[in-house]
Protein chains: 2
Amino acid sequence: MKMSGGVEWALHCAFALTAADHPVSAARLAEMHDVSASYLAKQLQAMSRAGLVRSTQGNLGGYELTRPPSRITVLDVVEAVDGPTPAFLCTDVRARGPLAASPEACRTPCAIHRAMTAADEAWRASLRSVTIADLAAQVTGEHGRGVLDGVRNWFNAAP
Amino acid sequence: MKMSGGVEWALHCAFALTAADHPVSAARLAEMHDVSASYLAKQLQAMSRAGLVRSTQGNLGGYELTRPPSRITVLDVVEAVDGPTPAFLCTDVRARGPLAASPEACRTPCAIHRAMTAADEAWRASLRSVTIADLAAQVTGEHGRGVLDGVRNWFNAAP
DNA sequence: AGAGTTCCGGACAAGAGTTGTCCGAGTTGC
DNA sequence: GCAACTCGGACAACTCTTGTCCGGAACTCT
């Protein structure tokens, strides 16, 4: 089981956009993190489809957050990029083979399915409890306010 | 993000082996669940490597649980088949690019890394809280004792 | 209005990981 | 000792992710 690597990029972008007061282009975000611009664009488009960021075209266009960072959870970003589908999908094994359970017994999800769903929900709840603003607060609390200021200055500097 | 489909098979096998008092061959387990025998063998080998089941070769060989089902958690099976690697792997994006953080600032995992690790741990804790015996108890509580008895009888019947 | 940016969506190739199959090594029972 | 049966790991086929690229549309500045 592996999560899409683009999730990490998207989270870092969401964190960086916290310090921006202008739209930031995808190319600039890619340059900042030293990652592929073409591929990062794909993640940003996914975030745009999910309504987390707003994209403006044109000369001074780019991406900006649609909501205050305290209203964007880590789960929002993960689901936007990686998809909302749970990792475990039940194929109803109990309904196959010579000992197949009766169809009416399969109306409720099986015990295995429930255990996996509960774990998935615990995972989501944990990600839902952390917002982008929390991440920013942790970073400034540990490494000082200079980090976000540096990002803002770099965004405002000429390319 | 998608989990290996073999995890579901392995869990069903672990559940079925609860009702067995003899070693059961991989072919018989595959026939019972109507899945590919060759591929199911791979999952059983992984469980054997993890020490969850013991394999005996020869004429009446097969697989059997090494511990009582109350000592085998769902997480044990998931990690045996799907691997113990967490889904999220941090590539230390903050240490790259023109705004790279200083190396000494990267001694501790970044905030994003911590959030993902905490969620992963919550997921694992949920899976760890359910044992194979719990699954069997749920099934008998909902569909009666006949289910496990049927499995046992089918195992004891001649192929 | 025109030129220069920028995003958007899709098509496309490369790579990794999963899914599935096969045959040899070893063991057991007769 | 023999034969039958089993597991175990090595071997392809396939799907999905990763990554790239290009044309079209929209916006800003001159």
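Numbers restart at 1 for each chain; the letters A, B, ... are given by sequence-line order, proteins then strands.
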Original post:
Does a side-chain N or O from S55(B) land closer than 4.0 Å to OP1 or OP2 of dT6(D), or not?
Top reply: no
Subject >> Between dC5(D) (P) and E31(B) (CD): distance, integer Å >> reply: 14 Å
**OP:** State which residues pass side chain to side chain donor-acceptor pair (under 3.5 Å) with Q57(A); sequence neighbours excluded, sorted by chain then number.
**Re:** none
Subject >> M47(B) CE to dG8(D) C1', straight-line distance once rounded to whole Å >> reply: 16 Å
Subject >> Below 4.0 Å: OP1/OP2 of dT6(C) and any side-chain N or O of R28(A) >> reply: no
Subject >> For T91(A), all residues meeting side chain to side chain donor-acceptor pair (under 3.5 Å), sequence neighbours excluded >> reply: E8(B)
Can you name the atoms? Protein N/O to nucleotides 17-20 of chain C N/O, anything below 3.5 Å, with the distance.
| from | atom 1 | to | atom 2 | distance (Å) |
| --- | --- | --- | --- | --- |
| dT19(C) | OP1 | G5(B) | N | 3.2 |
| dT19(C) | OP2 | S4(B) | OG | 3.0 |
| dT19(C) | OP2 | Y39(B) | OH | 2.9 |
| dT19(C) | O5' | Y39(B) | OH | 3.4 |
| dG20(C) | O6 | K42(B) | NZ | 2.9 |

**OP:** In whole angstrom, give the distance that lies between atom CG of L89(B) and atom C1' of dA16(C).
**Re:** 13 Å
**OP:** Please list, chain by chain and in numerical order, all residues satisfying side-chain contact (heavy atoms from CB on, under 4.5 Å) with T85(B), sequence neighbours excluded.
**Re:** none
Original post:
Taking only residues two or more places apart in sequence, or in another chain, which ones meet A19(B) in a side-chain contact (heavy atoms from CB on, under 4.5 Å)?
Top reply: L148(B), V151(B), R152(B)
Subject >> Sugar-phosphate, base or nothing in reach of A27(A), heavy atoms under 4.0 Å >> reply: nothing
Which atom pairs link the protein and nucleotides 26-30 of chain C when you take only N or O atoms and keep those under 3.5 Å?
| from | atom 1 | to | atom 2 | distance (Å) |
| --- | --- | --- | --- | --- |
| dT27(C) | O4' | Q57(B) | OE1 | 3.3 |

Original post:
Roughly, in whole Å, what's the span from CZ in R54(A) to P in dC27(D)?
Top reply: 13 Å
Subject >> Results of side-chain contact (heavy atoms from CB on, under 4.5 Å) for C106(A) - residues two or more places apart only >> reply: R94(A), A95(A), A101(A)
**OP:** Identify whether any heavy atom of A26(A) sits under 4.0 Å from a base atom; if not, whether one sits that close to sugar-phosphate; answer base, sugar-phosphate or nothing.
**Re:** sugar-phosphate
**OP:** Find the distance L40(A):CG to dT6(C):P and express it as a whole number of Å.
**Re:** 15 Å
**OP:** Would you please name every residue forming a side-chain contact (heavy atoms from CB on, under 4.5 Å) with R128(B), sequence neighbours left out?
**Re:** T73(B), L75(B), E121(B), R124(B), A125(B)
Original post:
Given atom CG of L52(B) and atom P of dC7(D), what is their separation to the nearest angstrom?
Top reply: 16 Å
Subject >> No-hydrogen, no-angle side-chain donor-acceptor test under 3.5 Å, T131(A) and D134(A) >> reply: yes
Subject >> Distance test, side-chain N/O of S48(B) to OP1/OP2 of dG8(D), below 4.0 Å >> reply: yes
Subject >> Main-chain N/O of D82(A) paired with S4(A) side-chain donor or acceptor, under 3.5 Å >> reply: no
**OP:** Among residues two or more places apart or on two chains, list those pairs meeting ring-ring contact (aromatic ring centres under 6.0 Å, His included) that have a residue in residues 40-74 of chain A.
**Re:** none
